[in-house]
Amino acid sequence: MNETLTDKQCPNCNSYLYYIEYDTEIPYEGKITIKTYTCKTCYYKNVSIQRHEREKPKVMLLRITGKNDLKTIIYRSPDAYIKIPEIDAEISPGIASNGYITTAEGIITSIKEKLSLMGNNKETKVLEERINNILKSNSEEITIIIDDDSGKSKINSSKAKVIEKPI
Ligand SMILES: [Zn+2]
């Protein structure tokens, strides 16, 4: 890993930024290059990941109909949108979001946690209760939809439907 001083300036303090490039290989994503601009004065950092292996854009659907479905292992790539239409939930890929491995239950729980940050009104309370019941007793069936233009996300279940997106 070597550092080079660039002519780009830090957005915070205008010092010149250093550039670091690092190649590595990670599960699910394959070969990647991590590109970092860093400021040695204020510790500003800008990290971007370049992938070298792409797959076809796809949409994956997993219908949650029973407790076992909640345990399904899911890899969410940094580019993936997650939607659960029945509870009107969507998780967008953040600016610097990383890929991660989780379960269907983990995704639903993270939606519930986001909900509790949105305040304490009646609607969020009702929705929170619905999500609790889905997690506890499968009170209703929901669909987890993963929309991923990088095609890297995976749902580890034979029940999952995969639809290739037209490019
Ligand atoms: Zn700086």
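Start at 1 with the first residue, then count along the sequence.
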| message | Can you see whether K154 engages S77 through a side-chain donor-acceptor pair at a distance of less than 3.5 angstrom? | response | no
| said: For Y75, is there any backbone N or O sitting under 3.5 Å from a side-chain donor or acceptor partner on K152? | reply: no
| request: Kindly work out whether a path of hydrophobic side-chain contacts (I/L/V/M/F/W/Y, heavy atoms less than 4.5 Å apart) joins I111 to I155. | output: yes
| said: Can you pull out every ring-ring contact (aromatic ring centres under 6.0 Å, His included) where at least one residue sits in residues 34-71? Sequence neighbours excluded, please. | reply: Y19-Y37
| request: Return yes when atom CG of N121 has more than 12 non-hydrogen atoms of other residues, nucleotides or ligands closer than 6.0 Å, and no otherwise. | output: yes
| message | I108 vs L70, test: side-chain contact (heavy atoms from CB on, under 4.5 Å). Steps then yes/no. | response | CA-CA 9 Å; I108 298 166; L70 289 171; 3.7 Å; yes
| Is there side-chain contact between T33 and I49, with at least one heavy-atom pair below 4.5 Å? | no
| message | Rounded at 0.5 Å granularity, tell me how far CD1 in I131 sits from CG in L127. | response | 4.5 Å
| query | Within a strict 4.5 Å, meaning less than it, do heavy atoms of the I74 and S153 side chains meet? | reply | no
| query | Going by atom types alone, do T102 and R76 pair a side-chain donor with an acceptor below 3.5 Å? | reply | no
| said: If you define the side chain from C-beta out and look only at heavy atoms, does anything of K67 sit under 4.5 Å from S137? | reply: no
| NZ/K45 to OG1/T38 distance, rounded to the nearest 0.5 angstrom? | 6.0 Å
| field | Hydrophobic cluster of Y16, others only, ordered by chain and residue number, side-chain cut-off 4.5 Å | value | L5, Y18
| Under the ring pair (Phe, Tyr, Trp, His ring centres under 6.0 Å) test, which residues partner Y81, sequence neighbours left out? | none
| Is there a path from M118 to I84 through hydrophobic residues (I, L, V, M, F, W, Y) whose side chains come within less than 4.5 Å of each other? | yes
| field | All side-chain hydrogen bond (donor to acceptor under 3.5 Å, both in side chains) counterparts of K35, not counting sequence neighbours | value | Q50
| remark: When every non-hydrogen atom of P93 is compared with those of D79, the smallest separation belongs to CG-O, 3.6 Å
| said: Quick check against the 3.5 Å criterion: does E53 have a side-chain atom that pairs as donor or acceptor with the backbone of K31? | reply: yes
| Looking at OG1 of T24 and CD1 of I34, how far apart are the two atoms once the value is rounded to the nearest 0.5 Å? | 6.0 Å
| note | For residues 105-133, the salt bridge (Lys or Arg N to Asp or Glu O under 4.0 Å) pairs (sequence neighbours left out) are R130-E140
| note | Hits for side-chain hydrogen bond (donor to acceptor under 3.5 Å, both in side chains) against Y22, two or more places apart or cross-chain, chain-then-number order -> none
| If you count the non-hydrogen atoms of other residues, nucleotides and ligands that lie under 6.0 Å from NZ in K159, is the total more than 12? | yes
| Atom CD1 in I142, atom CD1 in I134: separation rounded to 0.5 Å? | 4.5 Å
Quiz: residues 160-167 side-chain donor-acceptor pairs under 3.5 angstrom, not counting sequence neighbours:
unit_1 : atom_1 : unit_2 : atom_2 : d
K165   : NZ     : D147   : OD1    : 2.7
K165   : NZ     : D149   : OD1    : 2.8

| Do C10 and C42 touch side chain to side chain, with heavy atoms closer than 4.5 Å? | yes
| message | So T103 and T72, do their side chains get closer than 4.5 Å, heavy atoms only? | response | no
| query | Can you check whether P57 reaches S150 side chain to side chain, under 4.5 Å on heavy atoms? | reply | no
| request: Starting at OG of S157, measure out to CE of M60 and round the result to the nearest 0.5 Å. | output: 12.0 Å
| About how many Å separate CD1 of I144 and CG of D69, when rounded to the nearest 0.5 Å? | 9.0 Å
| message | Under the salt bridge (Lys or Arg N to Asp or Glu O under 4.0 Å) definition, can you give me all pairs with a residue in residues 2-14, not counting sequence neighbours? | response | E3-K40
| note | The side chain to side chain contact (heavy atoms under 4.5 Å, CB included) partners of T143 (sequence neighbours excluded) come to L61, R63, E86, I145
| note | T6 meets the side-chain hydrogen bond (donor to acceptor under 3.5 Å, both in side chains) criterion, sequence neighbours left out, with none
| message | I'd like to check the side-chain hydrogen bond (donor to acceptor under 3.5 Å, both in side chains) partners of E55; sequence neighbours left out, ordered by chain and number. | response | none
| message | According to a hydrophobic-cluster definition based on side-chain heavy atoms being under 4.5 Å apart (Ile, Leu, Val, Met, Phe, Trp, Tyr only), do Y28 and I82 belong together? | response | no
| Is a side-chain donor-acceptor pair under 3.5 Å present for S139 with N133? | no
| message | Quick one, D23 and I32 - any side-chain contact, counting heavy atoms below 4.5 Å? | response | no
| Do I20 and N2 have side chains that get closer than 4.5 Å, going by heavy atoms? | no
